[in-house]
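Shown below is the structure under consideration.
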Amino acid sequence: MSGSGPRFQTLSADEVTTLFADAAHGVYPAADWSVWVAPPCGPAAAVVAFTGCFLVTAPVDLPWWQRVLADPEVDPLHPRVLLSLAEHLGTTVGENDAVLVAPPALGMSIAPRVRLLPFDDGHPRVTRSRRFRDDVQAWTTAEGDGLLVLGRGLAGR
């Protein structure tokens with residue numbers, strides 16, 4: 001973080017959706033070490049790092065973040081901060097995850113086709129996904145050697 005501490009901004013859930021849509025089209029936020037604070041934008045709280053800035057979506061107000069991030073040596077992904085957030089929310093720190101966004105690709109893929117079959121046998125990865133995402137669907141390969149689980153999480157993505 002910068003020596004003077006982070007600059008805070010508040011965003012609405014709609015602005016978070018726009019932020020991700022822009023990123024999917026190659027328009028990234030400024031790397032100015034800002035911390036954007038937004039209400040929950042999906043079934044789980046989240047701390048997202050872009051290059052040089054952060055987005056936090058959780059049922060936590062701006063003064064809480066300002067207090068927790070007063071130490072210039074920490075940022076929203078610092079373990080101490082994540083543990084404080086989890087304690088404040090009465091939960092535990094979850095996994096590090098990736099949010100991958102991109103516009104639809106045009107043209108044909110050169111990858112070989114994979115035949116997928118609908119899958120819902122209570123697999124632990126599917127069950128866990130349903131705790132943190134909406135509209136979860138799962139497929140397995142025809143050979144049974146792969147599992148694809150998709151759902152909508154942060155900002156409906």
Side-chain angles (χ1 to χ4, degrees), residues 1-2 4-69 74-79 81-86 88-89 91-114 116 118-120 123 125-141 146-157:
M1 297 293 283
S2 66
S4 62
R7 191 179 85 202
F8 292 93
Q9 298 177 354
T10 56
L11 296 180
S12 68
D14 288 339
E15 289 171 315
V16 171
T17 300
T18 300
L19 178 72
F20 280 109
D22 288 348
H25 290 93
V27 179
Y28 302 103
D32 61 3
W33 296 108
S34 289
V35 176
W36 295 321
V37 178
C41 297
V47 178
V48 179
F50 289 91
T51 300
C53 62
F54 301 89
L55 166 68
V56 292
T57 71
V60 179
D61 61 10
L62 181 60
W64 187 90
W65 284 107
Q66 292 169 324
R67 189 172 55 258
V68 169
L69 295 174
V74 301
D75 62 50
L77 285 176
H78 190 282
V81 174
L82 294 176
L83 288 170
S84 293
L85 177 61
H88 185 76
L89 297 176
T91 188
T92 58
V93 176
E95 316 304 324
N96 285 332
D97 203 351
V99 177
L100 307 174
V101 294
L106 301 175
M108 297 285 291
S109 171
I110 60 171
R113 289 193 173 267
V114 175
L116 296 175
F119 181 80
D120 191 6
H123 189 282
R125 285 176 52 201
V126 177
T127 301
R128 183 181 184 287
S129 292
R130 287 196 169 114
R131 288 183 22 224
F132 299 102
R133 291 174 174 71
D134 296 320
D135 303 324
V136 172
Q137 296 180 39
W139 299 267
T140 185
T141 60
L147 177 64
L148 172 64
V149 182
L150 295 177
R152 295 190 179 279
L154 186 60
R157 292 217 169 256

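Quick caveat, the model's predicted, so the values are computed rather than measured.
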Quick one: pull up CG in D22 and OG1 in T17 and give me the separation to the nearest 0.5 Å. 11.0 Å
When rounded to the nearest 0.5 Å, the distance separating OG of S84 from CH2 of W64 is 5.5 Å
Approximate separation, where rounding is to 0.5 Å, of L11 CG and S34 OG: 9.5 Å
Work out which heavy atom in L89 is nearest to a heavy atom in A45; give both atom names and the distance.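 Of all heavy-atom pairs spanning L89 and A45, the closest is CD1-CB, 3.8 Å.
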Are S12 and D14 linked by a side-chain donor-acceptor pair shorter than 3.5 Å? no
Closer than 3.5 angstrom, by distance alone: can the side chain of H123 be matched with the main-chain N or O of R125 as a donor-acceptor pair? yes
Rounded to the nearest 0.5 Å, what separation is found between the CG atom of L62 and the CZ atom of R67?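 So the CG of L62 and the CZ of R67 are separated by 10.5 Å.
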How close do T57 and P39 get, counting heavy atoms only, and between which atoms? CB-O, 3.4 Å
Any W36 side-chain heavy atom under 4.5 Å of F8 side chain: no
Do you know the tightest heavy-atom contact between V93 and L82? CG2-O, 3.5 Å
Grab the two heavy atoms, one from D120 and one from R130, that are nearest each other, plus how far apart they are.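 For D120 and R130, the tightest heavy-atom pair comes out as OD1-NH1, 3.2 Å.
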Pairwise distance CG(L19) to CZ(F50) - rounded to 0.5 angstrom: 4.0 Å
Would you say W65 and V81 make side-chain contact, with heavy atoms under 4.5 Å?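 Of all side-chain heavy-atom pairs linking V81 with W65, at least one is under 4.5 Å.
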Are W139 and L150 close enough, and set up right, to give a side-chain contact (heavy atoms from CB on, under 4.5 Å), and what steps lead you there? CA-CA 9 Å; W139 299 267; L150 295 177; 3.9 Å; yes
Give the minimum heavy-atom separation between A13 and C41, together with the two atoms involved. CA-SG, 3.8 Å
State, to 0.1 Å, how close R152 and D135 come at their nearest heavy-atom pair, and which atoms those are.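 The answer is CD-OD2, 3.5 Å.
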Within this structure, what is the NE2-CG distance for the pair H78 and L69, rounded to the nearest 0.5 Å?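 Separation between the atoms: 10.5 Å.
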D75 and F54, any side-chain heavy atoms less than 4.5 Å apart: yes
Sub-3.5 Å donor-acceptor pair from the side chain of T140 to the main-chain atoms of G146, do we have one? yes
P43 side chain near D134 side chain, heavy-atom distance below 4.5 Å: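 They are in side-chain contact.
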